[in-house]
Amino acid sequence: TEKNNVYALDAVTGEILWQKTVAPYLNEAQYNDCNNIRPYHGITSAPVIDLGRETIYVCGVTQPGIRQAYRVWALDILTGEIKKGYPQTLKGHYKGLDFDAGQLTQRGALNLVKGWLYIPFGSRCDVGEWHGWVIGLNVQDPSSPQRAFTPAPTIDGGGMWGSAGVSADRDGNLFAVTGNGGLGTDRGSYDLDTGGENVCESILKLIPTGSEIRMTKDKRDYYVPGNFKFLDATDQDMGGSSGIVLPDIGGRKLLVTCGKDGFIYMVDRDNLGGVGGELHKQRLFGDPKAFYHSNIKTTPAFFDGGDTNKIVYVSGNETGPKGEAGVVAMRIDRSEEHTSE
């Protein structure tokens with residue numbers, strides 16, 4: 001909870017089996033007066049459970065001394081006791097930039113991939129200089145160096161807001177969906193084509209290796225909407241929705257996500273396509289003539305009903321161009337390798 005409490009309940013009776021307070025929570029003033037969440041600030045994201053180790057991992061904000069920090073706790077799933085080696089304070093750097101917890105919100109769910117725990121970050125009310133991050137913690141050796149990556153090492157932005165966190169494929173590659181960045185600059189949030197290092201407003205394939213998280217500059221490993229400058233300028237970024245890694249369909253390795261612009265995006269994970277390289281893009285919610293949208297802030301869901309019934313479900317905040325409301329179901333058409341409503 002936002003008071004940094006962790007509970008285990010009996011799923012049948014609702015009985016509280018154990019409860020653990022892992023750290024003091026913050027009030028609004030301690031959280032830099034950011035009211036996106038109020039009035040307490042602690043554990044916001046969904047935890048992850050490792051059944052083999054009988055461990056639940058949680059991440060929360062706390063305030064040792066005068067500096068805020070994000071920490072990870074590993075708790076015994078049966079008793080709630082904190083395991084040896086925890087908590088661990090998250091830290092790291094990427095291309096000369098240091099991770100700064102005091103500017104960040106940890107909203108996205110944790111993901112455990114091949115022995116590493118991945119934790120994504122967005123901004124804290126867009127205040128000050130901030131950068132989106134994903135931090136990796138080795139759960140088998142929690143005191144070892146952590147992995148770190150930001151899509152915006154030299155500009156502000158690139159928040160990873162999606163509540164489902166960072167997704168992964170069977171090979172351990174990570175897929176992050178990032179928000180806008182570089183507001184007020186001529187280039188916006190993307191400058192890889194001119195030798196820069198920033199690729200916000202994007203879907204990114206990230207490759208964990210050793211103590212690093214790498215991203216290539218090959219267009220097969222990133223996707224940016226063709227109208228990214230407009231999305232930046234109007235705060236209609238993609239990062240409010242996480243990416244869903246789908247099973248192989250029609251020979252394609254697919255991923256779908258959505259944006260605040262009200263669109264669904266489908267890409268090929270083996271070839272994300274660079275700028276404008278999507279397989280399918282379609283408005284589901286919102287007025288196409290409106291300047292600002294905040295239409296989709298949730299992660300899609302997928303249902304596999306057999307060869308001819310593979311469905312992606314998307315919920316939105318406004319009605320769609322044909323009067324759609326609430327939830328839209330999209331069937332993936334294998335023969336033409338695109339989605340149809």
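In this chain, residues are counted from 1 in sequence order. Worth knowing before you read on, the calculation uses all heavy atoms, side chains too, and leaves out hydrogens, waters and symmetry mates.
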Exercise for review: Decide if atom NZ of K253 counts as having more than 12 heavy atoms of other residues, nucleotides or ligands within a radius under 6.0 Å.
Suggested key: no

Review point. Taking side chain as C-beta onward, heavy atoms only, is W116 less than 4.5 Å from I213?
Key: no

Check your understanding: Can L9 be reached from I77 by stepping across I, L, V, M, F, W or Y side chains whose heavy atoms are under 4.5 Å apart?
Key -> no

Point to revise | Test item: side-chain donor near acceptor, R107 and S45, under 3.5 Å | key: no

Check your understanding: Hey, is R67 close enough to D100 for a salt bridge, meaning N to O under 4.0 Å?
Key -> yes

Exercise for review: Apply the test side chain to side chain contact (heavy atoms under 4.5 Å, CB included) to residues V312 and M266: give CA-CA distance (whole Å), side-chain angles for both, the deciding distance (0.1 Å), then the verdict.
Suggested key: CA-CA 11 Å; V312 173; M266 184 169 71; over 6 Å; no

Check your understanding: Would you say K205's side chain and N173's backbone share a donor-acceptor pair under 3.5 angstrom?
Key -> no

Point to revise | Name of the residue among T257, T299, L255, I244 meeting side-chain contact (heavy atoms from CB on, under 4.5 Å) with S167 | key: L255

**Study point:** N180 side chain to G157 backbone, donor-acceptor under 3.5 Å
**Key:** no

Check your understanding: Do Y118 and R147 meet the criterion of a side-chain donor-acceptor pair at a distance under 3.5 Å?
Key -> yes

**Study point:** Side-chain heavy-atom pair Y190, K229 within 4.5 angstrom cut-off
**Key:** no

Check your understanding: When the aromatic ring centroids of F99 and Y70 are compared, is their separation below 6.0 Å?
Key -> no

**Study point:** D191 versus T194, side-chain donor and acceptor atoms under 3.5 Å
**Key:** no

Exercise for review: Can you see which heavy atom on D287 is nearest to which on E318, and at what distance?
Suggested key: N-OE1, 4.4 Å

Point to revise | Check: P120 and Q106 side chains under 4.5 Å, non-hydrogen atoms | key: yes

Check your understanding: Looking at K310 and D304, does any basic side-chain N land under 4.0 Å from a carboxylate oxygen?
Key -> yes

Practice item. Tell me, yes or no, whether the heavy-atom count around K281 atom NZ, taken from other residues, nucleotides or ligands under 6.0 Å, exceeds 12. Key: yes

**Study point:** Reported CG-to-OG1 distance for the pair D50 and T55, which is rounded to 0.5 angstrom
**Key:** 6.0 Å

Point to revise | Backbone of T62 reached by a side-chain donor or acceptor of Q68 within 3.5 Å | key: no

Check your understanding: Going by atom types alone, do Q236 and T234 pair a side-chain donor with an acceptor below 3.5 Å?
Key -> yes

Point to revise | Min side-chain heavy-atom separation C59-L110 under 4.5 Å | key: yes

Check your understanding: Can you find a side-chain donor-acceptor pair between E2 and T44 that sits under 3.5 Å?
Key -> yes

Check your understanding: Does the side chain of R124 reach to within under 4.5 Å of the side chain of V61, using non-hydrogen atoms?
Key -> yes

Check your understanding: Around K219, counting heavy atoms of other residues, nucleotides and ligands shown, do more than 12 lie under 6.0 Å from its NZ?
Key -> no

